[in-house]
Amino acid sequence: MPALSIVVPAYNEELAIAAIVAQCLAAREAIQRETGLFPIEIIVVDDGSADRTNEIASGFSQVKLVRHPVNRGYGAALMTGFLAASGEWLGFLDADGTCDPLAFIALFKALKKEDADLAIGNRLHEGSRMPKIRAVGNRLYAGVISGLTGVRVRDTASGMRLFSRRLLPKLKPLPAGLHFTPAMTARAACIGVRIVETPIPYAERTGRSKLNVFTDGLRFFGVILGIIFAYFPLRLFGPLGIFFGLVAMVYGVWPIRYYLEHRALLLPDMTPRLLTIVTLAVCGLTALAFGLLAQRLSDIALGRDPGVLDNPRLRLGALVLGAALIVGGIALNSRTIVEYVTTMHIQTPWIYVLVGGLCVISGTVLVSLGVTLGIVNHLPRDAGKA
């Protein structure tokens with residue numbers, strides 16, 4: 001049974017495939033000597049290439065070649081390679097000649113030294129030949145993952161990695177496209193995988209790049225945020241709700257000051273401002289409620305400790321406060337309601353209608369949150385055993 005399986009995904013890489021395969025084969029002895037990993041297998045996955053990639057790769061008798069009949073994507077090619085691999089350790093590197101397979105030595109030593117689960121080759125250093133615009137994008141992705149998960153990473157999309165086979169099931173599902181690597185990094189950070197990064201040589205690629213900086217960059221960004229917010233939705237909805245609430249408060253300073261001084265809100269331009277304040281306040285409270293509920297569902301799905309979200313006092317507080325707001329809003333507009341029902345006209349100042357409406361809507365959101373959190377507690381914690 002091989003100790004290390006190195007997977008090389010390739011799509012239309014006829015100009016580079018021979019060189020990278022030869023490098024991998026030549027590096028085996030040094031990797032074995034420095035790491036103790038023996039034996040080492042090389043797996044090339046031809047992802048439906050339309051050029052001579054498959055023909056060239058098939059000329060290496062010491063390489064296991066797997067071929068997709070049609071192009072399925074970078075991530076799909078890697079997963080096929082992992083499925084075909086038999087090593088205890090799984091590594092991969094791109095077929096474009098940018099990475100040196102000898103760097104697996106440093107990755108393995110870093111794994112052992114730091115007792116880590118995933119080793120990532122860091123391409124962002126002074127000696128790297130990465131195009132500047134891609135380096136900027138990678139640093140942006142790293143900042144997002146580090147900031148939202150609390151796990152510090154530097155190169156989120158590196159195409160050279162090493163990890164234990166046991167880790168792979170924990171990282172699924174992973175996308176089939178080029179955004180496989182940032183998705184792997186984001187999911188690993190979210191589930192608490194210990195990540196170690198070590199600088200690796202990074203050269204200019206052989207042949208034409210298949211990465212579109214704009215479209216693939218947006219896809220990278222989208223999959224990173226999608227995975228992080230699936231694990232920590234409150235980190236999206238929380239700041240959004242607080243932002244709306246703060247803007248509503250700032251926007252409401254002048255109407256409050258005017259009312260305290262004049263005991264009236266009769267200025268012609270006041271109604272649009274009040275409507276804006278009500279809208280922002282409702283949006284903020286709704287975002288926070290959705291964030292709390294989504295976070296609770298995520299905790300249940302992942303078997304995590306929900307902390308304060310499972311506290312009965314939170315549910316009771318939401319129910320009591322919500323009910324009080326509803327009753328208060330109705331009471332504030334009781335005369336307005338009677339007036340409208342009897343005369344079909346409203347003479348009451350609009351400030352009462354707006355404040356009362358805000359109370360009723362906010363109370364309904366809070367009551368709904370409290371009830372739903374209670375319902376969620378009855379969901380099975382293990383659907384497979386339910």
Within 6.0 Å of CG in L275, more than 12 heavy atoms from elsewhere: yes
Shortest non-hydrogen separation from L225 to L148 and the atoms involved: CD2-CD1, 4.0 Å
Test salt bridge (Lys or Arg N to Asp or Glu O under 4.0 Å) applied to D216 and R219, step by step: CA-CA 5 Å; D216 288 314; R219 190 175 291 112; 2.6 Å; yes
More than 12 heavy atoms from other groups under 6.0 Å of NZ on K170: no
Any F108 side-chain heavy atom under 4.5 Å of L4 side chain: no
Any side-chain heavy-atom pair of E13 and D51 under 4.5 Å: no
Sequence neighbours excluded - ring pair (Phe, Tyr, Trp, His ring centres under 6.0 Å) pairs with any residue from residues 55-80: none
Salt bridge (Lys or Arg N to Asp or Glu O under 4.0 Å) between R152 and E197, intermediate numbers included: CA-CA 10 Å; R152 186 171 182 268; E197 293 180 279; over 6 Å; no
Neighbour count >12 (heavy atoms, 6.0 Å) for atom CD, E29: no
Residues 355-364 side chain polar contacts: donor-acceptor under 3.5 Å, at least two apart:
| from | atom 1 | to | atom 2 | distance (Å) |
| --- | --- | --- | --- | --- |
| S362 | OG | L358 | O | 2.8 |
| T364 | OG1 | V360 | O | 2.8 |

Heavy-atom side-chain contact between R165 and F82 under 4.5 Å: no
Distance-only side-chain donor-acceptor flag, R304 / S298, under 3.5 Å: yes
I6 side chain reached by I40 side chain, heavy atoms, under 4.5 Å: yes
side-chain contact (heavy atoms from CB on, under 4.5 Å) partner of I145, the single match among V151, I228, I227: I228
Check: residues 179-188 side-chain donor-acceptor pairs under 3.5 Å, at least two apart:
| from | atom 1 | to | atom 2 | distance (Å) |
| --- | --- | --- | --- | --- |
| T181 | OG1 | A157 | O | 3.3 |
| T185 | OG1 | T156 | O | 2.8 |
| T185 | OG1 | R161 | NH1 | 2.9 |
| T185 | OG1 | R161 | NH2 | 2.9 |
| T185 | OG1 | T181 | O | 3.1 |
| R187 | NE | L171 | O | 3.1 |
| R187 | NE | P173 | O | 3.2 |
| R187 | NH1 | Y231 | OH | 3.2 |
| R187 | NH2 | P173 | O | 3.0 |

N54 and L65, any side-chain heavy atoms less than 4.5 Å apart: yes
Nearest non-hydrogen partners of S158 and I200, listed with the distance: OG-CD1, 4.5 Å
Verdict with reasoning, N212 to L178, per side chain to side chain contact (heavy atoms under 4.5 Å, CB included): CA-CA 10 Å; N212 184 294; L178 287 170; over 6 Å; no
Any D94 side-chain heavy atom under 4.5 Å of R205 side chain: no
